[in-house]
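Start at 1 and go down the list; that is how both ligands and their atoms are numbered. This is a predicted model, so every value here is computed, not measured.
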Amino acid sequence: MSERETWSTRAGFILAAVGSAVGLGNIWQFPFQAASNGGSAFVVVYLAAVMLIGFPAMLAEFVVGRSTERNPVDAFRELGGGSWSVVGALGVFTAFWILSFYSVVGGWVIRYILGSAQGAYFGDPTGYFGAIMSGPDALALHAVFMALVVGVVALGVEDGIEAGTKLMVPSIVVLLIGLGAWAFTLDGAAAGYAYYLSPDLATLKANFWSVLPKAVGQAFFTLSLGMGAMVTYASYLGDDDSLPVDGGLIVGMNTLVGLLAGLVVIPILATQVSVEAIRQTSGAGAVFISLAEAFAQLPAGRILGVVFFGVLLLAALSSAISLLEVVVSYITQNSGWDRKPAAAVFGLAVFLLGIPTAFSASLTYAGTGALTWYNDLAYNLLLPVSVLGVLVFVGWLRDDTASVELTKGTDAGPGSATAWIWAMRTVVSLAVVVTLFLGVQDLLVAAKVLAEPIIAL
Ligand code: PFF
């Protein structure tokens with residue numbers, strides 16, 4: 001086996017991990033989840049979920065990756081014995097699964113960069129989205145997106161992922177700040193800020209139990225947890241880095257980008273529609289329809305549309321490469337395959353798995369597209385089960401090894417990891433169990449709706 005690759009610098013690791021974390025989850029989902037779940041009320045729960053639940057879980061994944069320097073499957077096997085490799089395998093499978101439909105959405109983003117430049121959706125934003133979201137066009141752009149991802153991953157950890165994310169992540173931040181500044185100058189933006197930033201505790205109280213699993217699920221998704229990505233990225237990391245400090249920087253930067261995205265998206269929407277209408281805006285089409293409507297109306301809409309969807313593409317790409325890397329690191333370490341063929345073949349396999357979601361509208365199950373099913377299965381089941389496996393393993397079974405690993409590269413002794421271990425054993429696990437329970441309930445309700453026409457036969 002060839003020598004194992006590593007990051008060339010610590011900043012390289014941090015930027016790659018931020019690149020993985022900052023994705024469609026931050027810019028596409030987060031502002032709209034916030035908008036439709038009580039604005040700032042959702043933001044408060046989400047921030048708590050990220051800090052109290054996501055951050056400790058992320059450290060658990062780092063510890064597994066760095067202490068073994070292996071891909072997720074072998075990492076769990078090495079630390080816990082054969083049957084624990086199932087937890088790693090679930091992470092690899094989840095990466096594979098999520099990437100398959102994420103890439104279809106990535107394809108839509110490419111289409112909207114072109115569509116903004118030409119003003120193609122300006123006349124009829126809703127009709128345009130309906131026309132491009134599924135069918136041969138969506139399939140072709142899904143292929144283009146996956147080809148880009150394969151290209152970066154094939155170049156390797158240092159020359160592909162690290163070099164790519166060093167360019168992409170700063171560009172995302174600078175462009176988002178620019179867009180935020182522009183949004184600030186728009187007439188009517190103030191109503192958006194008011195909704196997004198003023199704490200609405202009454203709404204929070206009324207909706208707490210329905211908001212909680214969404215916020216926790218969003219925290220995992222946005223931090224790329226439960227998909228083997230952080231295990232894999234930490235496996236290329238040296239012992240002299242402080243995991244808590246690096247993790248804190250990654251979580252902090254990811255959160256700032258999410259909040260910033262809200263400061264771009266919500267005021268732009270507020271220039272066109274009332275806060276009440278923003279509250280109703282949700283679902284996969286939100287960015288693509290509502291924002292496109294705004295770009296169609298606003299001065300310099302074409303160029304701003306290109307910039308906005310350009311940022312979205314960079315964010316989606318820097319996330320997607322982390323998931324293909326999970327699969328590629330597993331394959332290259334367990335077969336005689338080199339990185340390039342592994343990236344190409346498994347990139348193709350991901351593409352094939354995503355095909356039903358590129359034909360979502362024609363493959364409807366009880367009115368819901370395949371994309372929704374792929375997404376809900378990941379969000380409500382795969383991610384929480386996978387994260388729970390990591391937490392139980394690190395928090396109960398390998399707590400000693402984990403405490404030593406967490407404090408390597410810091411001045412603190414293993415004893416100082418006690419609070420983290422107990423957090424994983426209690427609040428963090430409990431939140432995941434509740435999320436899982438509510439998530440599975442949702443899935444069952446949806447499956448029942450799905451089965452009704454069959455039962456009626
Ligand atoms: N953290 C990513 C996001 O917020 O978009 C999660 C992710 C999803 C990473 C899909 C990679 C990916 F392909």
Side-chain angles (χ1 to χ4, degrees), residues 15-34 46 49-50 54-55 57-58 61 72 91-109 142 145-146 148-150 152-153 161 164-165 168-169 172 176 214-233 247 250-262 265 284 287 311-329 343 346-347 349-351 353-354 357 371 374-379 382-384 386-387:
L15 285 179
V18 171
S20 172
V22 169
L24 295 175
N26 302 61
I27 306 175
W28 174 46
Q29 289 172 329
F30 170 71
F32 287 93
Q33 277 207 347
Y46 167 80
V50 166
F55 180 50
M58 176 183 262
E61 294 207 1
V92 176
F93 175 76
T94 306
F96 199 74
W97 181 262
I98 292 183
L99 184 55
S100 77
F101 65 89
Y102 199 80
S103 164
V104 172
V105 181
W108 297 350
V109 176
H142 167 44
F145 185 88
M146 274 316 296
L148 293 171
V149 176
V150 167
V152 177
V153 172
I161 302 177
T165 47
M168 290 191 249
V169 172
I172 294 169
L176 263 186
K214 288 189 192 135
V216 174
Q218 180 69 18
F220 293 149
F221 190 82
T222 190
L223 295 176
S224 299
L225 300 176
M227 17 183 137
M230 293 302 171
V231 176
T232 306
Y233 273 12
I250 294 161
V251 170
M253 279 161 76
N254 178 62
T255 306
L256 284 180
V257 173
L259 293 175
L260 189 57
V265 170
V287 157
V311 171
L312 208 53
L313 179 63
L314 292 177
L317 272 178
S318 61
S319 294
I321 57 181
S322 72
L323 293 201
L324 187 60
E325 178 61 19
V326 170
V327 181
V328 165
S329 85
F346 283 86
V350 168
F351 167 76
L353 180 64
T357 64
L371 185 71
Y374 272 54
N375 180 69
D376 289 359
L377 199 67
Y379 232 85
L382 297 174
L383 287 182
S386 176
V387 173

Within the 4.5 Å heavy-atom criterion, are [X] and [Y] side-chain neighbours or not?
X    : Y    : result
L323 : I98  : yes
M227 : L383 : yes
V265 : F30  : no
V22  : V18  : yes

Which heavy atom of the protein is the closest neighbour of [atom], given with residue, atom name and distance?
atom                    : value
atom 8 (C) of ligand 1  : Y102 CE1, 3.3 Å
atom 6 (C) of ligand 1  : F221 O, 3.1 Å
atom 13 (F) of ligand 1 : L323 CD1, 2.9 Å

Just jot down the ligand 1 atoms closer than 4.0 angstrom to any heavy atom of [X], in number order.
X    : result
L99  : 13 (F)
A21  : 1 (N), 2 (C), 3 (C), 4 (O)
I98  : 8 (C), 10 (C)
S224 : 1 (N), 2 (C), 6 (C), 9 (C)

Looking only at atom types and distance, does a side-chain atom of S100 sit under 3.5 Å from a main-chain N or O of F351, one as donor and one as acceptor?
->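 Absent.
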
Could you tell me whether the side chain of S386 and the main chain of G226 form a donor-acceptor pair under 3.5 Å?
->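 Side chain of S386 to backbone of G226: a pair is present.
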
Ignoring angles and geometry beyond distance, decide whether L24 reaches within less than 3.5 Å of ligand 1 through its nitrogen or oxygen atoms.
->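 Yes - when backbone and side-chain N and O of L24 are compared with those of ligand 1, one distance drops under 3.5 Å.
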
Considering distance alone, does some N or O of L223 sit under 3.5 Å from an N or O of ligand 1?
->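 Not met; the criterion fails.
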
Ignoring hydrogens, just give me the one of G23, G19, G25, S20 whose non-hydrogen atom is nearest atom 2 (C) of ligand 1.
->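 It is S20 whose heavy atom sits nearest to atom 2 (C) of ligand 1.
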
Report the part of S319 (side chain from C-beta onward, or backbone N, CA, C, O) that has a heavy atom under 4.0 Å from ligand 1; answer both or neither where that applies.
->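 It is both backbone and side chain that touch ligand 1.
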
T255 OG1 to Y46 OH distance, which is reported to the nearest 0.5 Å =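 T255 OG1 to Y46 OH: 5.5 Å, rounded to 0.5 Å.
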
Geometric class of the Y102/F221 ring pair [parallel <30°, tilted 30-60°, perpendicular >60°] |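 If you compare the ring of F221 with that of Y102, the planes turn out tilted.
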
